[in-house]
Amino acid sequence: MNAVEIEEAVSDLSQEPFDAAEFPFSFLAAFGNKEATIKRLRSGNTNKSDVGGVLQRNNIHIAVAEPGQTVETLARLKASPQTERQKAKFILATDGAQLEAEELGSGEVLSCRYGDLGNNFGFFLPLAGISTVAEVKNNPIDIKATSRLNRLYVQLLKDNADWGSPDKRGDLNRFMARMIFCFFAEDTGIFQGDDLFTSTVQTMTEADGSNTRDVLLRLFDAMNTRAPDGAARPGFPSWADRFPYVNGGLFADDIGCPTFSRTSRAYLLRAGELDWKTINPDIFGSMIQAVADEDERGELGMHYTSVPNIQKVLDPLFLDDLREQLEQAGTNKRMLFNLRQRLSRIRVFDPACGSGNFLVIAYIRMREIEDEIMRRRGEALTRSAISLTQFFGIEIKSFAAEIARLSLLIAEFQCDVRFIGQAEARALVLPLHATGNIRQGNALRIDWEEVCPPATVSAEERDLGGPTGRLNLEGGSEEREIYICGNPPYQGSVNQSQAQKADMESIFKKYLKTYKDLDYVSSWFVRAAEYLKGRSGVAAFVSTNSICQGEQVAMLWPILFKLGLEIDFAHTSFLWKNNASNNAGVTCIVVGIGNLTRQKLLFEGSEVRAALGITPYLTIGERVIVRKQTSPLSPIAKMQSGNKPTDNGNFILDGEDKRSLVRSFPETERLFRRFVGSRELTQGGDRYCLWIKDNDLAVASANPEIGNRISNVRAFRLESRGKQANENAETPHRFVFSPHTGGSCIAVSNVSSERREYLPANYFSGDTVVSNLASVAYDAPLWNFSIIVSKLHLAWIATICGKLKTDYRYSNTLGWNTFPVPKLTATDKARLTRCAADILLAREAHFPATIAELYDPEMMPTDLRAAHDCNDETLERIYIGRRFRNDTERLEKLFEMYTKMTTKKERAN
DNA sequence: CATCCGACACTGC
DNA sequence: GCAGTGTCGGATG
């Protein structure tokens with residue numbers, strides 16, 4: 001269940017008559033417990049309560065109190081030994097009138113009327129595993145608002161089938177934005193009189209919804225008509241005339257109004273009942289945008305950027321700089337004045353703005369700085385110098401664009417209330433000012449300069465204080481500072497839609513022949529770089545970490561560097577997290593690209609490092625880009641991908657199945673080979689694959705079980721969308737890619753946990769087939785193994801190759817073939833061979849421990865560690881005659897060698 | 001023919 | 001749900 005569903009269930013529960021016996025179970029059901037779980041609790045099997053209540057292990061201890069005894073009952077719950085023993089997270093006591101609860105971990109308490117439980121459901125969200133971010137917990141109104149609007153939107157679509165069409169959808173979205181504005185306006189005093197809008201609809205419309213549309217149209221009309229000074233507007237009934245002139249923007253266009261049924265009218269009124277005063281334009285906006293999108297509904301803004309992540313972009317982009325200028329100004333009035341001038345000129349542009357939360361946060365933070373300026377100048381703010389027209393956005397979805405415009409207006413009003421005053425804010429708000437410049441469209445196709453025209457500061461503005469000088473161009477013209485930010489969509493090449501591929505082509509074709517492996521998000525970086533070309537600025541986006549790893553680096557970054565940009569700041573990989581119920585599974589980075597001569601900052605977790613330059617691998621050091629190559633740079637063994645079945649599982653049998661088959665059909669024994677992928681390589685396990693030579697095909701097909709598997713493979717490959725699978729459909733007994741020679745080999749897992757200090761590699765005899773989940777060097781001398789499992793090689797792989805999350809991913813073309821190795825003498829090779837053998841022997845001494853067990857950094861046996869130390873020492877002495885002090889030194893040496901070796905090669909060509 | 005990646009995908013707690 | 005850790009095969013070169 002997501003938070004919206006929980007809110008609905010809890011609100012419903014608190015409105016029903018209180019049933020003392022049922023309450024604990026209904027409560028647990030509202031938080032998404034399954035029927036079966038509740039049945040078991042009810043039967044007493046899993047109910048661990050020792051005070052006659054209901055206690056769910058690891059969760060909550062609930063007791064129903066005698067009337068007026070809630071506080072005492074809560075105390076009993078707290079004192080109960082079972083509460084602690086069963087690790088309850090919450091205790092809750094209620095008598096149906098009053099409710100007391102405590103979150104035991106934090107000691108936070110809740111005390112409210114029972115009927116008010118719905119408004120406090122956020123307190124209990126950890127019960128459903130939704131706990132990480134305080135924002136939702138503290139602002140349940142955002143969820144409730146989303147939930148109510150959700151119902152209204154769906155019902156309106158039901159009542160007005162024609163409004164669902166693509167050309168009418170925009171009008172419905174605009175209509176919803178108007179409704180939200182009205183709800184907000186009636187709760188904040190923008191409209192005179194409490195609940196003016198909702199109560200007008202309530203009293204003026206029939207319960208069956210029949211005339212709701214007419215009433216709303218009348219109200220829209222009024223809000224779009226300027227009243228003659230102080231007088232009534234002619235032709236409007238008094239109930240409509242009570243509504244103020246709001247203005248063009250929101251109410252100008254004639255979008256009509258959908259028809260209402262009894263149900264949709266009721267939902268409209270229920271939405272109006274909420275107190276919209278405290279909604280957060282950032283959180284609410286991102287949740288609400290899912291309302292208009294069937295696919296996203298229920299996901300609740302899975303891709304919405306949390307405020308901490310937005311700050312990761314905005315702070316280093318320009319807010320920290322503003323704050324620093326504020327510090328420098330101290331109480332110097334002139335300097336403070338200049339800073340305020342600067343604030344009034346900055347432009348913030350989010351070309352993937354969604355519901356506008358980057359823009360909203362930027363606006364609020366800028367207002368906070370302005371407030372501090374006024375405080376230090378000892379002046380009262382009467383009108384902010386920061387205008388919403390300084391904020392620009394592009395958004396592809398019409399509803400989100402609509403919400404972005406509205407969210408900015410709400411943010412402006414809330415800031416006016418906070419920094420100027422309640423009454424003044426009300427006086428200022430109507431008629432509505434121009435809001436942000438939000439364009440609905442595809443950011444990769446429309447002209448950014450048209451959306452956010454780079455204007456220069458006028459002479460008049462300059463006289464008022466002049467720009468800070470930081471952004472002066474050489475020619476002396478003074479452009480406004482423009483900061484580009486956002487969180488554009490990510491999509492790897494395999495999952496890009498046809499439209500997205502076409503977008504990619506439109507951007508990359510002029511730069512590259514091979515660009516198709518780039519992530520979709522890289523388009524925004526190129527677009528931003530093109531926009532910044534010839535002027536000063538920085539653009540920073542949240543992105544998937546894969547554009548700064550592996551093969552994508554060599555495709556994307558040379559383009560950006562050539563356009564005159566460098567990495568201005570960056571945050572290294574962090575896990576995507578927001579308060580959506582099901583987070584997107586992705587590891588992110590933040591990268592700012594720009595052309596300002598300022599110190600570069602690299603943020604790693606909570607640490608910041610200042611540097612002269614940041615590499616596209618998000619490390620500090622010389623800017624070197626490693627390109628994949630098909631053969632080794634150094635005289636080391638050839639390495640390939642492992643054997644790829646593309647069999648839908650049909651070639652693979654576990655040990656037990658294979659043995660029972662061979663027991664029944666002994667002639668099939670020679671059709672099997674031991675099969676090793678990443679998992680078997682590291683964690684052991686007993687798997688076999690069918691390895692059928694052409695001249696064994698008759699024997700294989702004759703066996704019913706195996707024959708069946710072969711025909712399954714054929715069917716699967718025919719069905720597949722993949723070319724290689726199709727092409728190999730008529731040889732369904734063979735792997736689609738099979739470098740297996742029958743000789744021995746060294747294999748490295750293609751993925752490995754970043755916890756390990758050494759790559760999981762092993763030596764296999766010819767009767768083992770290594771899968772495409774590992775890279776293999778066939779018939780390779782053992783000293784190659786010594787290199788593969790060295791610290792030196794891991795440092796290289798960790799920097800150069802791609803990652804899965806933040807785990808190592810091994811690649812022969814990127815990591816092995818590019819690895820610089822000095823010329824090895826026969827003695828060197830003999831020594832390394834000896835080291836490799838010692839490592840294998842040390843492992844054997846711990847048979848049958850797996851590599852995963854042996855290489856757990858906490859459990860690694862001392863003899864194995866000693867063998868690796870010896871190996872590292874021997875190898876590193878060959879490089880520099882001593883051991884390296886750390887990985888920084890290792891990488892420095894490797895990059896230096898790489899640069900030398902690749903430029904020499906180029907010269908030779 | 002050969003490979004790199006996944007707004008990932010499981011598994012186990 | 002979350003932490004830990006690597007499947008599988010498509011799309012692309």
Side-chain angles (χ1 to χ4, degrees), chain A residues 1 32 58-59 125-132 296 299 301-305 487-496 501 512-521 542-547 549-552 555 575-578 580-588 628 630 638-649 651-652 677-683 685 687 716-717 719-728 735-739 749-756 760 771-776 801-817 852 856:
Chain A
M1 273 173 106
N58 289 326
N59 241 355
L125 276 178
L127 288 178
I130 307 169
S131 61
T132 38
E296 278 185 39
E299 286 186 12
M302 181 162 87
H303 298 157
Y304 128 74
T305 321
N487 176 16
Y490 328 146
Q491 199 65 251
S493 72
V494 173
N495 296 318
Q496 283 164 17
K501 284 179 184 166
L512 284 177
K513 263 190 297 212
T514 59
Y515 59 84
K516 291 185 178 174
D517 279 322
L518 280 168
D519 195 283
Y520 192 52
V521 75
V542 187
S543 162
T544 165
N545 61 0
S546 57
I547 64 162
Q549 290 163 9
E551 60 175 357
Q552 297 198 35
M555 290 186 242
L575 211 57
W576 177 261
K577 244 193 175 60
N578 61 21
S581 47
N582 43 349
N583 270 310
V586 63
T587 307
C588 294
K628 54 179 172 181
T630 49
K638 176 183 170 179
M639 191 184 286
Q640 294 176 278
S641 266
N643 298 274
K644 184 170 177 177
T646 315
D647 64 336
N648 201 20
F651 285 160
I652 320 296
S678 269
R679 188 184 293 155
E680 290 75 25
L681 208 159
T682 50
Q683 303 179 27
R687 283 212 296 178
F716 173 72
R717 289 185 185 169
E719 282 283 303
S720 162
R721 285 179 297 144
K723 195 172 80 141
Q724 189 170 43
N726 298 158
E727 281 170 357
N728 287 279
F735 279 41
V736 299
F737 176 64
S738 46
S749 175
N750 278 352
V751 286
S752 170
S753 165
E754 64 173 334
R755 285 194 336 122
R756 294 192 191 111
S771 90
N772 65 328
L773 280 98
S775 298
V776 205
C801 286
K803 299 266 171 83
L804 187 51
K805 289 183 120 158
T806 51
D807 288 340
Y808 307 128
R809 198 190 284 267
Y810 198 88
S811 148
N812 55 342
T813 61
L814 276 163
W816 177 251
N817 291 347
D856 184 323

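Keep in mind the model is a prediction, meaning the values are calculated, not measured. Order of the sequence lines sets the chain letters (A, B, ...), proteins ahead of strands, with each chain counted from 1.
Below the 3.5 angstrom threshold, one finds a donor paired with an acceptor across the side chain of A:Asn487 and the base of B:dA7.
Within the 4.0 angstrom heavy-atom criterion, no nucleotide atom of any strand lies near A:Glu754. At a threshold of 4.0 angstrom between heavy atoms, the contacts of A:Ser546 are confined to the sugar-phosphate backbone, with no base atom among them.
Note: CD1 (A:Ile547) to P (B:dG6) measures 11 Å, nearest angstrom. In this structure, A:Asp856 places its CG atom 12 Å from C1' of C:dG4, rounding to the nearest Å. Atom CG in A:Leu518 sits about 15 Å away from atom C1' in B:dG6, given to the nearest Å. The distance from atom NZ of A:Lys803 to atom P of B:dC5 is 11 Å, rounded to the nearest whole Å. Atom CZ of A:Phe735 and atom P of B:dT3 are 16 Å apart (whole Å). Rounding to whole angstrom units, CD of residue A:Gln549 and P of B:dA7 are separated by 13 Å. The separation between A:Arg755 atom CZ and C:dT5 atom P is 5 Å, rounded to whole Å. Rounded to an integer number of Å, the gap from A:Asn545 CG to B:dA7 C1' is 11 Å.
Look at the P atom in both C:dG4 and B:dA7: the space between them is 22 Å, to the nearest Å.
In this view, A:Gln552 satisfies the side chain to side chain donor-acceptor pair (under 3.5 Å) rule with no residue, not counting sequence neighbours.
Closest of all the heavy-atom pairs between A:Thr587 and A:Lys805 is OG1-CA, 3.3 Å. Here the shortest heavy-atom pairing between A:Ala852 and A:Gln683 reads CB-CG, 4.1 Å. Closest non-hydrogen pair, A:Ser749 versus A:Leu681, comes out as N-CD1, 3.8 Å. Nearest heavy atoms, A:Gln640 versus A:Phe737: NE2-CZ, 4.5 Å.
For the atom pair A:Asn728 CG and A:Arg717 CZ, the distance stands at 5.5 Å (nearest 0.5 Å).
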Just the dot-bracket of DNA chain C, please: which string comes out with Watson-Crick or G-U pairs under 3.5 Å, [ ] for crossing, | for another strand? ||||||.||||||
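The side-chain hydrogen bond (donor to acceptor under 3.5 Å, both in side chains) test with A:Asn750 is passed by exactly one of A:Ser775, A:Ser678, A:Ser811: A:Ser775.
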Once each nucleotide of nucleotides 6-13 of chain C is scored for protein heavy atoms under 4.0 Å, what B/S/- sequence comes out, 5' to 3'? BBBBBBSS
Checking side chain to side chain contact (heavy atoms under 4.5 Å, CB included) for the pair A:Trp576/A:Asn487: CA distance, chi angles, key distance, verdict? CA-CA 12 Å; A:Trp576 177 261; A:Asn487 176 16; 3.1 Å; yes
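When the shell of 6.0 Å around CD of A:Glu727 is examined, it contains more than 12 heavy atoms from other residues, nucleotides or ligands.
Of the two residues contacting DNA chain B, namely A:Asn812 and A:Pro489, the nearest-nucleotide position lying further toward the 5' end is that of A:Asn812.
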